[in-house]
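Written out below as structure tokens is the structure these notes cover.
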Protein chains: 2
Amino acid sequence: MRGATTPELFDSCSSCPIRHRAVCARCEPDELDQLEDIKYYRTFEAGQPIVWAGDRMEFVASVVAGVATLTQTMEDGRRQMVGLLLPSDFVGRPGRETAKFDVTAVNTVTLCCFRRKPFEHMLETTPHVAQRLLEMALDELDAAREWMLLLGRKTAREKIASLIAIIARRASIDGADTTDGVSVELPLTREAMSDYLGLTLETVSRQISALKKDSVILLDGNRRVLIPDMRALLDETGDDDDGGMLN
Amino acid sequence: MRGATTPELFDSCSSCPIRHRAVCARCEPDELDQLEDIKYYRTFEAGQPIVWAGDRMEFVASVVAGVATLTQTMEDGRRQMVGLLLPSDFVGRPGRETAKFDVTAVNTVTLCCFRRKPFEHMLETTPHVAQRLLEMALDELDAAREWMLLLGRKTAREKIASLIAIIARRASIDGADTTDGVSVELPLTREAMSDYLGLTLETVSRQISALKKDSVILLDGNRRVLIPDMRALLDETGDDDDGGMLN
DNA sequence: CCGGCACTTTGACACGGATCAAAGGCCAGA
DNA sequence: TCTGGCCTTTGATCCGTGTCAAAGTGCCGG
């Protein structure tokens, strides 16, 4: 998941065709050449599996465009999302032979893939890549821990409010005007939201309706959400801070 | 949290007084000198707070002995454990000024602390330390994701069985005989278990009683658990694999 | 324009776990 | 040995969310 990384890093390496934080920030030209040799792009359509848990992983990758999910499934079909991958997020784990989770495209996804073995080699020889990856992994760990609080202790209503707040925050990273009403496109179906939140899709639907009835949110179609008052939404999340949404 | 790191790494640097994976494996003598300068030990008694969320963090640390927890608390008192820290686990985050979670000693805890600023400096100049920390962070991320499945989708009974299995696995890393019955000391109170699992302590108690009634576990006092048949316990966890418990 | 399909909403009811309450162990200190 | 406090167990009841069912909505292709 994308954490609180500085936008400058993202753009600091404009000569790199990847233009991607994970491997691009602070890259030297010869390192970029090295990357060029081992990288390739792949595109996946909405709903398509990217990897299945247990598959052999030949690559690690960066999400360039689109949204993908990381999920775990139990034998009887119970499913839990454990990662939501947005552009700039990293897929795969250096040093791991077989995937541990299912990765699925939510909409059209473009990945910038790196062959795993050479990428691992580069990790060992190019210190700042390991440092950058460490930073990203720690951001994800923080996000995972917030998510654990949500899963373990929040009510269905708080979960929905939190999810909308999380998506709104990410969508408005480059500071869209927050003063009077924010509009967000939910990239997920009700079912995917339920997998994220540890609920059923019926409960998700009911709680969204309830928040609408109470004018905390407005719906435009059933994917676009209008937030008339961000403060009011944040009050519904159960969090004591604003998650960096307010000034 | 401790992941599937090789025991060799732990012992590979016997000259290092820290004898600790995070910073010790593959250390060169001069790097060890550098570490010596910035390290100090601290001990905390059972129940004592180690840091509060929001506190300024002057150090990062390794757990040398004892058990500590990472928890988040909501305004109304709802609490969720988000990390269980055992010996060799890492505390704190390089680059972070203020703690994000409460850290509490469960029993007597000894930390090997490193002053944060110099440690961060060493991270930048000593590549293999960043690589090692990356590996540890990714292990923790995997553990956090398993935990998310537990919190979001497992029943109370499955949660309890999973927790006992997790503790049993860690306790018997150096291959205690698994063939006929394993005995594990639970380091946590029922309340701490409930914080781990996203349950109430009453439910924890009831489900432990139920597993006992069904002879999946036996109790010796109420902290020591005997597992007559590991396979039977693992069947109760809802997981499809054995989590590396069986041969 | 219509039909079909996937997604969503709403309703009725069931059930697992929370809540409230009280009693039972266990250990440290007097 | 007795006492007080903390942890744990057990019981009764309640409520939030899951489950099952059916109807509504919107979109794409024919």
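Everything quoted here is computed from the prediction, not taken from an experiment. Chain identifiers are assigned alphabetically (A, B, ...) following the order of the sequence lines, protein sequences preceding nucleic acid strands; residue numbering begins at 1 within each chain.
Between the CZ atom in B/R78 and the OG1 atom in B/T73 there is a gap of 11.5 Å [rounded to 0.5 Å].
For DNA chain D, the outermost nucleotides in 5' to 3' order that have an atom under 4.0 Å from a heavy atom of chain A are D/dT17 to D/dC20.
Ion pairing of A/R153 with A/E158 is absent here, as no side-chain N (NZ or NE/NH1/NH2) approaches a carboxylate O to less than 4.0 Å. We find that B/R79 and B/D102 are not joined by a salt bridge, their nearest charged nitrogen and carboxylate oxygen being 4.0 Å or further apart.
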Are there any protein N/O atoms within less than 3.5 Å of an N/O atom in nucleotides 20-25 of chain C, and if so, which ones and at what distance?
from, atom 1, to, atom 2, distance (Å)
C/dC20, N4, B/E202, OE2, 3.2

Could you list the protein-to-nucleotides 13-17 of chain C atom pairs, N/O on both sides, closer than 3.5 Å?
from, atom 1, to, atom 2, distance (Å)
C/dG17, OP1, B/A156, N, 2.8

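Counting to the nearest Å, the P atom of C/dA18 and the CG atom of B/L201 are 10 Å from each other. Between the CG atom of A/L219 and the C1' atom of C/dT9 there is a distance of 11 Å, given to the nearest Å. Atom CG of A/L188 and atom C1' of C/dT8 are 15 Å apart (whole Å). Look at CE on A/M193: it is 11 Å from C1' on C/dC7, rounded to the nearest Å. Across the protein-nucleic acid pair, A/R190 atom CZ and C/dT9 atom C1' stand 9 Å apart, rounded to whole Å. Distance, A/N222 CG to C/dA6 P: 16 Å, rounded to whole Å.
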